[in-house]
Number of protein chains: 2
Amino acid sequence: MYYRIGEIEKKMQISIDTLRYYEKIGLICPERDTNNRRLYSGADVAWLEFIFRLKQTHMPLKEIKKYAELRKQGDETIAKRIDLLEEQRTRLTQEKMTIDACLSYLETKIAHYKTDLIKKECSQSE
Amino acid sequence: MYYRIGEIEKKMQISIDTLRYYEKIGLICPERDTNNRRLYSGADVAWLEFIFRLKQTHMPLKEIKKYAELRKQGDETIAKRIDLLEEQRTRLTQEKMTIDACLSYLETKIAHYKTDLIKKECSQSE
DNA sequence: ATAATAGCTGGAGTGTAGTCCATGTCAAGA
DNA sequence: TCTTGACATGGACTACACTCCAGCTATTAT
């Protein structure tokens with residue numbers, strides 16, 4: 001099953017321009033039909049989904065590209081790819097901790113503001 | 001207690017250029033000494049810490065600036081500030097879920113690659 | 001036959017968040 | 001007095017990740 005660029009745009013949340021940009025920087029390389037139009041395979045779709053996930057979690061395209069390069073080089077690079085994925089796992093675990101720290105900071109701040117608000121209301125009703 | 005820009009740079013992980021940039025876009029407005037040099041108060045430091053946290057969790061400077069504007073306008077805006085902080089809390093909770101989804105995706109992928117590696121080793125030892 | 005639709009290319013432009021640089025001022029130490 | 005160090009300013013430059021545009025081609029619908 002193949003998809004054309006417009007179908008991919010609708011299927012996933014990636015604009016045609018972005019898809020072409022990703023190709024330009026070497027992230028993805030779909031086949032072409034006889035009229036030179038891009039044909040994205042099921043494997044391409046899976047890869048785009050992966051890219052999408054990595055981007056959602058703030059991996060820069062440069063990093064994603066490293067992984068893409070390894071994919072292109074074939075099975076010899078599987079060990080290296082595992083390394084990259086494990087690094088990313090570590091980063092994400094770290095990031096969750098950062099978020100938790102920020103969340104508790106927010107809670108404290110919100111709580112402070114709320115008591116400020118109550119004080120204000122009291123003084124106004126005097 | 002006041003700090004000069006070089007001290008702030010060392011104290012926190014923010015370069016002098018970035019500190020001046022933040023001032024330019026109106027995020028922070030330190031006092032000045034008689035020689036026009038910036039003097040950051042303890043409150044400024046606390047505010048920079050807050051900015052740092054928000055940035056760590058990917059809030060764009062524009063959003064941070066909204067909050068900064070409300071701060072400048074004084075106590076009347078506390079309710080609005082609570083709204084912003086609660087929105088951010090929602091976003092971060094959401095983001096944790098995104099990260100978890102990506103993490104389980106990574107686990108699956110790593111597991112697949114590892115079985116691939118084992119297969120490869122077996123076929124090589126034949 | 002013609003017009004609309006979907007695609008192509010190369011290249012320019014945009015927004016975000018800095019980062020760098022030339023030039024200048026001021027205070028303190030040798 | 002002279003130099004060094006820390007600061008100031010305005011403005012140019014950069015990296016990243018798109019986004020837009022002009023001009024072209026091929027397929028489909030009327």
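In what follows, chains are A, B, ... by sequence order, proteins preceding strands, each numbered from 1. Since we're looking at a predicted model, the values are computed, not measured.
Listed by first and then second residue, the ring-ring contact (aromatic ring centres under 6.0 Å, His included) pairs that reach into residues 7-35 of chain B come to none, sequence neighbours excluded. Contacts classified as ring-ring contact (aromatic ring centres under 6.0 Å, His included) and involving residues 63-104 of chain B (residues at least two apart or in different chains) are given here: B/Trp47-B/Tyr67, B/Phe50-B/Tyr67. Sorted by first and then second residue, the ring-ring contact (aromatic ring centres under 6.0 Å, His included) pairs involving residues 81-104 of chain A (not counting sequence neighbours) form an empty list.
Using a 4.5 Å cut-off on side-chain heavy atoms (C-beta onward), A/Glu69 and A/Thr77 make no contact. Side-chain contact between B/Leu48 and B/Val45 is absent, with no heavy atoms from C-beta onward closer than 4.5 Å. A/Ile78 is listed as a side-chain neighbour of A/Asp75, based on a closest heavy-atom distance under 4.5 Å. A/Glu107 places a side-chain heavy atom less than 4.5 Å from the side chain of B/Arg89. Two residues are said to be in side-chain contact when any heavy atoms from C-beta on lie closer than 4.5 Å; B/Glu63 and B/Gln88 fail this criterion. A/Gln73 has its side chain out of reach of A/Arg81: every pair of non-hydrogen atoms, C-beta onward, lies at least 4.5 Å apart.
Counting Ile, Leu, Val, Met, Phe, Trp and Tyr side chains that sit under 4.5 Å apart, directly or through other members, B/Tyr2 shares a hydrophobic cluster with B/Leu39. Membership of an apolar cluster is not assigned to A/Ile118, as no side-chain contact below 4.5 Å to another ILVMFWY residue is traced.
Near DNA chain D, meaning a heavy atom under 4.0 Å from it, residues 8-22 of chain B has B/Arg20 in order of number. Within residues 24-42 of chain A, the residues approaching DNA chain C are A/Arg32, A/Asn36, A/Arg37, A/Arg38, by heavy-atom distance under 4.0 Å. Residues from residues 57-64 of chain B lying near DNA chain C, meaning a heavy-atom separation below 4.0 Å, are B/Pro60, B/Leu61, B/Lys62 in numerical order.
Bracketed by its first and final contacts, the part of DNA chain D lying under 4.0 Å from non-hydrogen atoms of chain A reaches from D/dC16 to D/dT27 in 5' to 3' order. Protein chain B contacts DNA chain C over a range whose 5' and 3' limits, counting nucleotides with an atom under 4.0 angstrom from a non-hydrogen atom, are C/dT16 to C/dA27.
In plain terms, the two heavy atoms of A/Ile14 and A/Thr18 that are nearest each other are CG2-CG2, 3.6 Å. The shortest non-hydrogen separation linking B/Ala68 to B/Gly26 is CB-O, 4.2 Å.
Shown here are the side chain to side chain donor-acceptor pair (under 3.5 Å) partners of B/Ser41, two or more places apart in sequence or in another chain: B/Asp44. Contacts of A/Asp100 classified as side chain to side chain donor-acceptor pair (under 3.5 Å), with partners at least two apart in sequence or in another chain: B/Lys96.
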